[in-house]
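First comes the structure, then the notes that go with it.
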Amino acid sequence: MTKHIFVTGGVVSSLGKGLTSASIGMLLERRGLRIRMQKMDPYINVDPGTMSPYQHGEVYVLDDGSETDLDLGHYERFTNSPLTRDSNYTTGKIYQSVIHKERRGEYLGQTVQVIPHITNEIKRAITKLAEPDVDVVITEIGGTVGDIESLPFLEAIRQLSLDLGRENCLYIHLTLVPYLRAADELKTKPTQHSVGQLRQIGIQPDLLICRTEKPLSRDLRAKVGLFCNVPPECVIEEQDKTFSIYEVPLSLVEHGLDELIVRKLNLKCGALDLESWHELLHRIRNPKNEISIAVVGKYVELRDSYKSIYEALDHAGIALQTVVRIERLHSERVDREGADRLLAGVDGLLVPGGFGERGIEGKIHAIRYAREKGIPFFGICLGMQCAVIEFARNVAGFEHAHSTEFAKDTPHPVICLLDEQRMITDKGGTMRLGAYPAVLLEGSRAAAAYEREISERHRHRYEFNLAYRDALERSGMKVTGTSQDGKLVEIVELPDHPWFLAVQFHPEFKSQPTRPHPLFQAFVAAAVQRRLARTASPQG
Ligand code: GLN
């Protein structure tokens, strides 16, 4: 029978529940268990696809085209558990489904209520993942215990222990034990209160994971245990990791977390195999080079908006034993202050995806600078579209070339909408979304980097306009990847540049720390080359 782990969070948000859940998943997988991971988000949007990065950070796209919470990025980086649209539910998605059923008359005249109809729908979403070949389903409940929004989710997971048997469910609560400098003390009261709230609604957590700046003493763990009604060994410390997030699972193992879970859920499994993870940390701790990559975007002030891109750069750096210092540059600043002032010292430029006109010219200036100075350049989605616009304007001679997303009446719409997108008026879930295969041009950089079949995830409406393909190719920009029918351009390159490659898809979603994405790796390798060449000849 499939077992369930529920991860809740208390005291404050941003405790790293996603990272902790992903670490738990990774540890169980490395004990040979087959797991599934899932996140419940209490907000009312049906998915985060229409939310601003200021509200939500990055929208993480899955193979099946669902637009999900960025915590699913942690799940995919830490585990190999397959994720689908069943891996992320919001209050909106649950209600949408209940309301559809009500309209179809499926409730047979009943009054439709939060309990049992909404909670049943939540339980269905959770148990759906418990297929016969799955040992453990890990469900992370977003939000903080005590929020009004998360109550139906908490009620549903409480009920599940009655439906499935208490012995088949494990409740893990992540809390904060703050350090008060003035008193030089760690404080347990917020944890007591948050567990108190959980117990009030009928959930007794089995394990407490305490985020803390300082180690928890035995006495302190005993105190937390006593007030929260758990044995002291079930109070686990998760100290802040400033060095690398990939240390988190190892520190949880040190405090016995995997063993406790296995014992409490009575799981039959093997010993923990962490060899490749130790190797990963060894590489992280022993870098040989350091480079700097400028990321020029509109949301650089927010750490989470380009989360997967920063992670993917890091993965490539780890593989090449190189520290990748990321210079987050606002595109409007590049526009104001000039690319040469801001980009002169960098070893590579990355322009990520985005929407809307603000900051576009700054991205285009930055790309021009990288193209002219031979700085390795990697464009992603909107980054590719900007590279095409820049090349069309400044090399191929198409004055005022633009994307019709930003200039409806441009004389040269090098990026434009395809007919199937023209008619669409709904915003949610209507872009070209999810994984599609692509065909690569033999002899290109893209073909050299990928040693595997290529299937990459998309999230965009606008496309390279094929009417300009010949003209741009004659001027030196090569199309090196297309959709299988050849109608959609997926990759462009400048073969005469040290490394200039841009893609319409989002490779960052398929990078793992132990398996970096080939294009990110090739880009970082080109940046390392440039750095080494420059240190050898400072004029260069
Ligand atoms: N705004 C562009 C489009 O819709 C690019 C999207 C993106 O970068 N994700 O095509």
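Order of listing sets the numbers, starting from 1, for every ligand and every atom in it.
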Approximate separation, where rounding is to 0.5 Å, of Ile245 CD1 and Leu19 CG: 5.0 Å
Which residue and atom name correspond to the protein heavy atom nearest atom 10 (O) of ligand 1, and how close is it? Tyr462 N, 2.8 Å
Any idea which protein heavy atom is nearest atom 3 (C) of ligand 1, and the distance to it? Arg461 N, 3.5 Å
Below 4.0 angstrom, N of the basic side chain to O of the carboxylate: do [X] and [Y] qualify?
X	Y	answer
Glu247	Arg285	yes
Glu361	Arg393	yes
Arg325	Glu290	yes
Glu76	Lys307	no
Lys93	Asp41	no

Between Glu405 and ligand 1, does any nitrogen or oxygen pair lie at a separation below 3.5 Å? yes
Honestly, for His506 the part within reach of ligand 1 (heavy atoms, under 4.0 Å) is side chain
Give the atoms of ligand 1, by number and element, whose distance to some non-hydrogen atom of [X] is under 4.0 Å.
X	answer
Gly353	8 (O)
Cys381	5 (C), 6 (C), 7 (C), 8 (O), 9 (N)
Arg459	6 (C), 7 (C), 9 (N)

Tell me the nearest of Ser403, Pro352, Gly354 to atom 5 (C) of ligand 1, using heavy-atom distances. Gly354
Does Gln385 reach ligand 1, in the sense of a heavy atom lying below 4.0 Å from it? yes
Working for ring-ring contact (aromatic ring centres under 6.0 Å, His included), residues Tyr450 and His517: CA-CA 9 Å; Tyr450 279 103; His517 190 283; 5.6 Å; yes
